[in-house]
Student: 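For reference, the structure I am asking about is given below.
Note that this is a predicted model, so its numbers are computed, not measured. So that the names make sense, note that chain A is the first sequence line, chain B the second, and so on, each numbered from 1.
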2 protein chains.
Amino acid sequence: MLEALGDPTRRTIFESLAGGPRSVAEIANGLPVSRPAVSQHLKVLKDAGLVSSTSVGTRRLYAVDQEGLAAIRGYFERFWHQALAAFAEAAEKPPEEKT
Amino acid sequence: MLEALGDPTRRTIFESLAGGPRSVAEIANGLPVSRPAVSQHLKVLKDAGLVSSTSVGTRRLYAVDQEGLAAIRGYFERFWHQALAAFAEAAEKPPEEKT
DNA sequence: TTCAACCGTAAGCCGTAGCTTACGGTTCGT
DNA sequence: ACGAACCGTAAGCTACGGCTTACGGTTGAA
């Protein structure tokens, strides 16, 4: 899931969807890559559950998937708390390593 | 920064640091890769500002960098709110596209 | 001071991710 | 019914990322 956002181009595409749904051609304009490339990236993002698509006429509108974004948010939230807890615990028992 | 967490192995390493500081050899044990590989991954994570290291004797203890983690957390937090705002706005004016 | 433990870096190989071009399928307009 | 607009997928090339092996440097112990 995070590997989908690892690629810079894909992350740019994802961020361009934050302002609302967009079509493939719209996204491709303003990007230094071809339209098929964008299409492939969108497929990856969709498989990762980060975006959703709806057909409108001949166009295809892509938008950020709320659940997917929430999942990532939750991931880092948990990570954050866990790291804080470990840090606090290590602050109390300073010399206690070796395993 | 997110591209550092794109690689699965690197993400595993990062997650293994959530429970507290660890040495390179400790991390390498339990992973299906060699120690130098772990070392290289740690370098990437460090350059990305996600981990920090301290020398203890001949060992090197790596730990998650609070600031780096906070930065990522903030990134998704902002993204989340922005996406919500765009979604709410789109819910009011249904037919209003074309740019 | 010599040996062992622990680690970072260089060199090199190999798989794959990302890009482009080319093609075929839908859908709307005329 | 024909053409144009919009898009997804296949094929193929290239660059790069991740891994291993090999080496050298530093620290602590005997």
Side-chain angles (χ1 to χ4, degrees), chain A residues 1-17 20-65 68 72 94-99, chain B residues 1-17 20-65 94-99:
Chain A
M1 183 160 226
L2 274 183
E3 26 209 313
L5 293 180
D7 180 69
T9 303
R10 212 147 45 208
R11 198 171 33 232
T12 301
I13 292 177
F14 189 58
E15 290 174 353
S16 74
L17 257 47
R22 284 179 162 274
S23 71
V24 179
E26 280 177 332
I27 301 175
N29 291 349
L31 282 189
V33 296
S34 67
R35 183 194 52 78
V38 173
S39 215
Q40 293 169 0
H41 281 306
L42 286 171
K43 174 176 175 57
V44 174
L45 288 173
K46 186 168 186 179
D47 288 344
L50 291 176
V51 303
S52 60
S53 62
T54 61
S55 292
V56 176
T58 136
R59 306 199 310 164
R60 232 150 195 280
L61 293 184
Y62 283 85
V64 315
D65 187 299
I72 290 189
E96 202 63 46
E97 311 291 334
K98 211 57 164 296
T99 301
Chain B
M1 182 162 226
L2 274 182
E3 26 209 310
L5 293 179
D7 181 68
T9 302
R10 211 147 46 207
R11 198 169 37 234
T12 301
I13 292 178
F14 189 59
E15 291 174 353
S16 76
L17 256 47
R22 284 176 160 276
S23 72
V24 178
E26 281 177 331
I27 300 175
N29 291 350
L31 282 189
V33 296
S34 67
R35 183 194 54 77
V38 173
S39 216
Q40 294 169 357
H41 282 306
L42 285 172
K43 174 175 177 53
V44 175
L45 288 173
K46 186 169 187 178
D47 288 342
L50 291 175
V51 303
S52 59
S53 63
T54 62
S55 292
V56 177
T58 138
R59 306 196 312 164
R60 245 162 180 269
L61 293 185
Y62 283 86
V64 315
D65 186 300
E96 202 65 43
E97 313 289 334
K98 208 55 161 297
T99 300

Student: Please work out if S55(B) contacts a base, only the sugar-phosphate, or nothing of the nucleic acid, heavy-atom cut-off 4.0 Å.
Tutor: nothing
Student: Report yes if the side chains of T54(B) and V56(B) come closer than 4.5 Å at any heavy-atom pair, otherwise no.
Tutor: yes
Student: Hey, are the side chains of I27(A) and L17(A) touching, using non-hydrogen atoms and a 4.5 Å cut-off?
Tutor: yes
Student: Calculate the interatomic distance between R59(B) atom CZ and dC6(C) atom P; express it in whole Å.
Tutor: 8 Å
Student: Any side-chain donor-acceptor pair under 3.5 Å between K46(B) and S52(B)?
Tutor: no
Student: Rounded to whole angstrom units, what separation is found between the CD1 atom of I27(B) and the C1' atom of dG8(C)?
Tutor: 14 Å
Student: With sequence neighbours left out, write down each residue that passes side-chain hydrogen bond (donor to acceptor under 3.5 Å, both in side chains) with R22(B), or none if nothing qualifies.
Tutor: none
Student: Polar atoms only, N or O, under 3.5 Å: list the protein pairs with nucleotides 2-5 of chain C and their distances.
Tutor:
none

Student: Look at the side-chain N and O atoms of Y62(A) and state whether any lies under 4.0 Å from the OP1 or OP2 oxygen of dG8(D).
Tutor: yes
Student: Are the side chains of L5(A) and I72(A) in contact, using a 4.5 Å heavy-atom criterion?
Tutor: yes
Student: Are the side chain of T12(A) and the backbone of P8(A) linked by a donor-acceptor contact shorter than 3.5 Å?
Tutor: yes
Student: 5'-most contact on DNA chain C: E3(A) or R35(A), nearest heavy atom basis?
Tutor: E3(A)
Student: Whole angstrom is fine here: how far is it from CG in N29(A) over to P in dC7(D)?
Tutor: 10 Å
Student: Go through the steps for L50(A) and V64(A) under the test side-chain contact (heavy atoms from CB on, under 4.5 Å), then give the verdict.
Tutor: CA-CA 6 Å; L50(A) 291 176; V64(A) 315; over 6 Å; no
Student: Does dC7(C) have OP1 or OP2 under 4.0 Å away from a side-chain N or O of S23(B)?
Tutor: yes
Student: Round to the nearest Å and state the distance from I13(B) atom CD1 to dC7(C) atom P.
Tutor: 13 Å
Student: Could you walk me through whether V38(A) and I13(A) pass side-chain contact (heavy atoms from CB on, under 4.5 Å), step by step?
Tutor: CA-CA 8 Å; V38(A) 173; I13(A) 292 177; 4.0 Å; yes
Student: In chain order, what residues pass the side-chain hydrogen bond (donor to acceptor under 3.5 Å, both in side chains) check against S23(B), with sequence neighbours excluded?
Tutor: E26(B)
Student: Looking at every heavy atom in both M1(B) and G49(B), which two are closest together, and how far apart are they?
Tutor: CE-O, 4.4 Å
Student: Compare the minimum distances between each of dC19(C), dG8(D), dT20(D) and the side chain of V33(B), then state the nucleotide with the smallest one.
Tutor: dT20(D)
Student: Under 3.5 Å between N/O atoms: give me all the protein pairs with nucleotides 14-17 of chain D, atom names plus distance.
Tutor:
none

Student: Going by number, which of residues 38-48 of chain A have a non-hydrogen atom under 4.0 Å from DNA chain D?
Tutor: S39(A), Q40(A), K43(A)
Student: Working note: D7(A) + E3(B), criterion side-chain contact (heavy atoms from CB on, under 4.5 Å); need CA distance, chi angles, decisive distance, verdict.
Tutor: CA-CA 6 Å; D7(A) 180 69; E3(B) 26 209 310; over 6 Å; no
Student: Listed by chain and number, what are the side-chain hydrogen bond (donor to acceptor under 3.5 Å, both in side chains) partners of K43(B), not counting sequence neighbours?
Tutor: none
Student: Rounded to whole angstrom units, what separation is found between the CZ atom of R60(A) and the C1' atom of dG8(D)?
Tutor: 9 Å
Student: Taking CG from L61(B) and P from dG8(C), how many angstroms apart are they, rounded to a whole number?
Tutor: 11 Å
Student: If you look at every strand shown and take non-hydrogen atoms under 4.0 Å, does A25(B) touch a base, only sugar-phosphate, or nothing?
Tutor: sugar-phosphate
